[in-house]
Amino acid sequence: MSKLCVIGTGYVGLVTGACFADLGNQVTCLDIDPIRIEKLKQNEMPIYEPGLEQIVAQNVKSGRLLFTTDYVEALEGAEFAFIAVGTPSGMEGEADLQYVRQAAESIADLVHHPILVINKSTVPVGTGDWVADIIRKRRSGAPLEFDVVSNPEFLREGSAINDFMNPDRVVLGSLNRDAAGKVAELYSSLHCPILITDLRTAEMIKYASNAYLATRISYINEIANMCEELGADIQEVARGMGLDKRIGPAFLEAGLGWGGSCFPKDVKALAHMAVLHGTQPQLLQAVMEINRNQRRRVVYKLRKALGSLNDRPIGVLGISFKPDTDDVRDSPAIEVIHLLQNEGAIVKAYDPQAMDNAASLLKGVQLCRNSYEVAEGVDALVLATKWNEFKQLDLQRIHQLMRTPILVDGRNIWDPDRVRTLGFTYYGIGRGVNTHPNS
Ligand code: UGA
């Protein structure tokens, strides 16, 4: 059993802390937000993440997981201090490191025993060195025995616990191999490949992975747009591509594009790093541009179907940036809603989990209790997030409730033939119709 302190109880910190406790370690999670910590002590989760509440409750009960706002208490006797604080986008797309700095300074000021500082926050390449410098400078009078290890996280919201417990790989970067080896032991029971690199390489692996996944999505969306014009079906195209082992099937789902708290911020930050260091991130710029356009295309489709959208009631199903989360940060759904409002549409919307988080962002939107309430009297329904419950909708009932039965399936969940048979006008993403006489 090792003693860990996890700084930051956002989605990364909380999942990391709870899972390491579950693996048998003694973990104290620290946050500077007293309300958040008080709620966590009452087992109230700050985020919706399947399985999180149970794993936190079990480990709090067993005494292995504690929450505090007190750095001294959290760091006392800790062999490992994980930094898992937010790194929001700054003015020019750069990662804002103020919270990482605060965490590093607190460790420098309060720790008086050997410690490993592990960076889990997504930070620009070179930040590990910067954190080490901060600690070294602040402790110039009384040097602290420490090493910095970069341990990027690859968890996805909605499946974070499972991703932590069954990782494809663990990446550890450090200038001291022994230090990385000690962190590797924390993961040894997970039986996955552990890649040990230098600090900067580990930091780059994180950005390169997220940016590559975003690139795949923008790529498939670009092909989807061609499919619409050329009469091909992107679902089959993606299947045909994905069966090639060199390509693989994951992250080839065409739709409204990528959003969330990670991809937009990380692609922007990587492009910013590139420019800062004199290289041209041409591909990343195109990846971001395609993603922006993908959201606008929904509005073009609706305009094509309905003419002016002014005063038209339009329903939107799904608000979170992806299913199984209540996270609405940089959600494609929210941008689509704003674009529709800019065209004068009257928007109604529903999400299974994100209604509370969305309320303040969706001024003038009628927030409904379920999908059927959204469908009532609207001229079109836009499916923006791929929640399972939308796949089970009674489409006949939806058809009867709508004023004009137009479906814009922004995540390709419905079978075009089936919904057309039910009387809908259907627009998917990249689902072209072959109108050749021989077809
Ligand atoms: C992403 C990465 O997948 C994680 O590995 C990483 O740890 C995390 O960012 C992070 O940096 O913290 P996440 O943002 O939770 O995880 O969500 P994803 O499942 O990657 O989806 C991102 C966006 O891409 C969503 O808006 C989703 O709807 C969209 N997407 C995903 C598609 O449009 N098509 C796809 O085929 C897959």
Side-chain angles (χ1 to χ4, degrees), residues 8 10-16 47-50 84-89 95 119-123 151-164 166-171 203 205-224 234-235 237-239 241-242 247-270 287-288 290-292 294-295 297-298 318-336 351 354 383-387 390 409-413 428-430:
Y11 132 82
V12 175
L14 195 50
V15 171
T16 303
I47 48 170
Y48 170 76
E49 179 63 38
V85 296
T87 52
S89 277
N119 231 336
K120 262 221 163 279
S121 302
T122 300
V123 287
N151 175 207
E153 61 85 19
F154 302 104
L155 313 174
R156 287 163 301 173
E157 292 187 28
S159 55
I161 308 281
N162 187 50
D163 288 349
F164 185 97
N166 302 289
D168 290 343
R169 80 304 206 184
V170 166
V171 173
E203 289 166 345
I205 289 171
K206 168 67 189 184
Y207 279 104
S209 302
N210 269 6
Y212 175 68
L213 292 170
T215 301
R216 273 176 79 101
I217 302 168
S218 283
Y219 177 76
I220 203 69
N221 281 334
E222 183 160 277
I223 298 291
I234 193 65
Q235 300 290 97
V237 171
R239 236 163 69 84
M241 287 170 62
I247 298 175
F251 278 70
L252 287 180
E253 283 178 22
L256 297 185
W258 40 275
S261 65
C262 304
F263 285 2
K265 169 173 77 72
D266 294 349
V267 179
K268 227 190 283 170
L270 184 57
V287 165
M288 289 189 277
I290 292 167
N291 201 47
R292 277 192 289 273
Q294 207 57 15
R295 301 165 185 197
R297 283 180 66 88
V298 171
I319 303 174
S320 57
F321 83 96
K322 68 175 208 176
D324 296 323
T325 177
D326 61 353
D327 196 340
V328 295
R329 286 175 287 177
D330 223 319
S331 170
I334 295 209
E335 193 172 343
V336 166
D351 187 279
L383 182 122
T385 315
K386 200 177 180 179
W387 283 95
F390 298 144
D409 183 358
R411 298 289 175 185
N412 288 345
I413 69 166
I429 306 289

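FYI, side chains are in, hydrogens and waters are out, and symmetry mates aren't considered; it's all heavy atoms of this structure. Note that this is a predicted model, so its numbers are computed, not measured. In each ligand, atom 1 is the first atom listed, and ligand 1 is the first ligand listed.
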* To do: Locate the shortest heavy-atom distance separating V12 from A84; write the atom from each residue and the value.
  =>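 Scanning both residues, the minimum pair turns out to be CG1-CB, 4.2 Å.
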* Closest approach of T87 to T122 (non-hydrogen atoms, all atoms of both residues) ->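 Closest approach of T87 to T122: OG1-O, 2.9 Å.
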Under 3.5 Å: N or O atoms of ligand 1 paired with protein N or O:
{"from": "ligand 1", "atom 1": "5 (O)", "to": "F154", "atom 2": "O", "distance (Å)": "2.9"}
{"from": "ligand 1", "atom 1": "7 (O)", "to": "E153", "atom 2": "O", "distance (Å)": "3.3"}
{"from": "ligand 1", "atom 1": "7 (O)", "to": "E153", "atom 2": "OE1", "distance (Å)": "3.4"}
{"from": "ligand 1", "atom 1": "7 (O)", "to": "F154", "atom 2": "O", "distance (Å)": "3.4"}
{"from": "ligand 1", "atom 1": "7 (O)", "to": "L155", "atom 2": "N", "distance (Å)": "3.0"}
{"from": "ligand 1", "atom 1": "7 (O)", "to": "L155", "atom 2": "O", "distance (Å)": "2.7"}
{"from": "ligand 1", "atom 1": "7 (O)", "to": "K206", "atom 2": "NZ", "distance (Å)": "3.3"}
{"from": "ligand 1", "atom 1": "11 (O)", "to": "K206", "atom 2": "NZ", "distance (Å)": "2.6"}
{"from": "ligand 1", "atom 1": "11 (O)", "to": "N210", "atom 2": "ND2", "distance (Å)": "2.8"}
{"from": "ligand 1", "atom 1": "12 (O)", "to": "E153", "atom 2": "OE2", "distance (Å)": "2.7"}
{"from": "ligand 1", "atom 1": "15 (O)", "to": "E157", "atom 2": "N", "distance (Å)": "2.7"}
{"from": "ligand 1", "atom 1": "15 (O)", "to": "K322", "atom 2": "NZ", "distance (Å)": "3.3"}
{"from": "ligand 1", "atom 1": "17 (O)", "to": "K322", "atom 2": "NZ", "distance (Å)": "3.2"}
{"from": "ligand 1", "atom 1": "19 (O)", "to": "K322", "atom 2": "NZ", "distance (Å)": "2.8"}
{"from": "ligand 1", "atom 1": "26 (O)", "to": "G259", "atom 2": "N", "distance (Å)": "3.0"}
{"from": "ligand 1", "atom 1": "26 (O)", "to": "F321", "atom 2": "O", "distance (Å)": "3.0"}
{"from": "ligand 1", "atom 1": "33 (O)", "to": "R411", "atom 2": "NH1", "distance (Å)": "3.3"}
{"from": "ligand 1", "atom 1": "34 (N)", "to": "E253", "atom 2": "O", "distance (Å)": "3.0"}
{"from": "ligand 1", "atom 1": "36 (O)", "to": "L252", "atom 2": "N", "distance (Å)": "3.4"}
{"from": "ligand 1", "atom 1": "36 (O)", "to": "E253", "atom 2": "N", "distance (Å)": "2.8"}

* Asked: Can you tell me how far the CD atom of Q235 sits from the CD1 atom of I220, to the nearest 0.5 Å?
  ->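 Taking CD in Q235 and CD1 in I220, the distance rounds to 9.0 Å.
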* Geometric class of the F263/F251 ring pair [parallel <30°, tilted 30-60°, perpendicular >60°] ->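 F251 vs F263 ring planes: tilted.
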* Partner of D330 by salt bridge (charged side-chain N to carboxylate O under 4.0 Å, His left out), out of R295, K268, K322 ->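 In the set R295, K268, K322, the residue that makes a salt bridge (charged side-chain N to carboxylate O under 4.0 Å, His left out) with D330 is R295.
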* Under the side chain to side chain contact (heavy atoms under 4.5 Å, CB included) rule, collect the residues that match up with P249, sequence neighbours excluded. =>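 Testing P249 for side chain to side chain contact (heavy atoms under 4.5 Å, CB included), a comparison that skips the adjacent residues, returns none.
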